[in-house]
Number of protein chains: 2
Amino acid sequence: MNYTENIISKYRAHGFKLTPQRLAILKCLDGNTSHPTAEDIYIELKKTHPTVSFATVYNTLTSLKDMGALLEVTIDPDRKHFDPNTTPHHHIICTKCGSIGDIFVDYSQALTLPEDVGAEFFLTGNHVDFYGLCKRCRTKGQV
Amino acid sequence: MNYTENIISKYRAHGFKLTPQRLAILKCLDGNTSHPTAEDIYIELKKTHPTVSFATVYNTLTSLKDMGALLEVTIDPDRKHFDPNTTPHHHIICTKCGSIGDIFVDYSQALTLPEDVGAEFFLTGNHVDFYGLCKRCRTKGQV
DNA sequence: ATGATAAAATAGAATTATTCTAAGTTAATA
DNA sequence: TATTAACTTAGAATAATTCTATTTTATCAT
Ligand SMILES: [Mn+2]
Ligand SMILES: [Mn+2]
Ligand SMILES: [Zn+2]
Ligand SMILES: [Zn+2]
């Protein structure tokens with residue numbers, strides 16, 4: 001069962017309607033590792049569904065988030081990125097071009113809180129933002 | 001030499017003017033561990049400088065960032081928070097009330113990239129977002 | 001001290017990301 | 001095939017941030 005099939009059954013379980021727009025968004029997200037913004041998805045959708053609205057994109061992304069089928073990635077200060085891979089993982093962002101890569105390593109063992117902070121906060125999760133330069137941006141003489 | 005004095009000399013070194021508004025913003029930031037938003041600072045400034053504008057707050061924050069005297073914290077998906085403490089450190093955000101705490105631990109030793117990602121990205125930095133519940137929010141029967 | 005001037009402050013307009021609203025459309029069900 | 005709650009849509013609204021044009025001022029050289 002792939003991402004889309006999985007979500008479709010979840011959608012049905014939640015009593016959500018399966019509309020062409022939603023299916024197109026799911027198709028766009030399925031296996032997508034580019035961490036698209038809402039606009040990226042909107043632009044992609046327009047190709048097959050020219051009358052689709054931004055509201056539908058945002059509404060669907062919110063539904064998917066609420067179902068736990070989509071993550072919001074908060075690494076870019078300018079806009080939200082979305083990630084259909086809900087396996088816990090971390091990200092690295094190229095500080096030059098903004099491209100985002102996945103890091104499937106569990107650092108939890110090392111990521112413990114100092115005593116004073118542990119007394120103040122009950123820890124529920126962690127996410128590492130890595131910063132770097134992607135291969136493309138390191139290559140000299142770029143266009 | 002405290003934060004403000006330090007920044008004042010840096011401002012002079014950069015040829016920036018020292019205006020009452022800038023001094024007030026520096027005073028507001030000095031030793032501030034609340035990770036305020038631009039609006040938080042604006043509201044605070046209004047008390048002593050009723051005619052101050054948002055543009056001045058943003059301009060000054062940008063100047064401070066450019067001078068390396070201020071960090072932008074990207075842990076809240078809804079707005080930017082600012083931090084006068086430029087010592088490398090990490091943050092924990094209460095997922096209920098949004099309060100942000102500091103974590104002065106260097107996890108770099110443990111935060112290494114897997115081979116494939118290391119081949120694609122040249123690593124320049126890291127920041128850990130911790131999620132949790134603050135004491136206040138854990139206390140039952142809150143107001 | 002005074003004047004010249006580049007830099008900064010201001011009000012408000014503009015922009016951008018996101019959310020809301022009201023009206024028309026449709027997937028799901030019977 | 002009809003019913004209807006849920007969905008889609010266009011566009012308005014909101015909120016964070018940036019820009020613009022104008023006025024003001026800190027600094028520096030007289
Ligand atoms: Mn990812
Ligand atoms: Mn901090
Ligand atoms: Zn890059
Ligand atoms: Zn809290």
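Sequence lines set the chain letters: A, B, ... in the order given, protein chains first and strands last, and positions in each chain run from 1. Predicted model, so just to flag it, every value in this text is computed and none were measured.
Between A:K80 and B:K17, the residue anchored closer to the 5' end of DNA chain C is B:K17, taking for each the nucleotide with the nearest heavy atom. Along DNA chain D, the nucleotide nearest to B:L18 and the one nearest to B:F82 differ in position, and the one closer to the 5' end is contacted by B:F82.
In this structure, the nucleotide among C:dA28, D:dA10, C:dT16 sitting nearest to the side chain of A:R79 is C:dT16.
Atom P of nucleotide D:dT17 and atom OH of B:Y42 are separated by 14 Å, given to the nearest angstrom. Rounded to whole Å, the distance from CZ on B:F54 to C1' on C:dG12 is 14 Å. Spacing between atom CG of A:D76 and atom P of D:dT17 amounts to 13 Å, rounded to whole angstrom units. Atom CD1 of A:I43 is separated from atom P of C:dA17 by 10 Å (rounded to the nearest Å). Rounded to whole angstrom, the span from the CD atom of B:E39 across to the P atom of D:dT18 amounts to 15 Å. Atom C1' of nucleotide D:dC7 and atom OH of A:Y11 are separated by 11 Å, given to the nearest angstrom. One atom, CD of B:E72, and another, C1' of D:dT18, lie 13 Å apart when rounded to the nearest Å. Between the CG atom of A:L23 and the P atom of C:dT26 there is a distance of 15 Å, rounded to whole Å.
Aromatic ring pairs are classed by plane angle as parallel below 30°, tilted from 30° to 60° and perpendicular above 60°; the pair A:H90 and A:H127 is tilted. Below 30°, between 30° and 60°, or above 60°: for A:F130 and A:Y107 the angle between ring planes is between 30° and 60°, a tilted geometry.
For the pair B:N32 (side chain) and B:L29 (backbone), a donor-acceptor distance under 3.5 Å is absent. For the pair B:R138 (side chain) and A:E120 (backbone), a donor-acceptor distance under 3.5 Å is present. Checking side-chain atoms of A:H81 against main-chain N and O of A:H35 turns up a donor-acceptor pair under 3.5 Å.
In terms of phosphate contacts, A:Q21 brings no side-chain nitrogen or oxygen within less than 4.0 Å of OP1 or OP2 of C:dT26. Residue B:T19 places no side-chain N or O under 4.0 Å from the OP1 or OP2 atom of C:dA8. Phosphate contact (OP1/OP2 of D:dA10, side-chain N/O of A:S53, threshold under 4.0 Å): absent.
Using a 4.0 Å heavy-atom cutoff across all strands shown, A:T51 reaches sugar-phosphate atoms only and no base atom. Using a 4.0 Å heavy-atom cutoff across all strands shown, A:F16 reaches sugar-phosphate atoms only and no base atom. Within 4.0 Å of A:P20, counting heavy atoms only, lie sugar-phosphate atoms of the nucleic acid but no base atom.
Proximity of residues 55-71 of chain B to DNA chain D (heavy atom under 4.0 angstrom from any strand atom) is restricted to B:A55, B:Y58.
Of the residues B:N85, B:I25, B:L64, the one that meets the side chain to side chain contact (heavy atoms under 4.5 Å, CB included) test with B:L70 is B:L64.
Separation of atoms NZ (A:K135) and OG (A:S99) is listed at 12.5 Å; rounding is to 0.5 Å.
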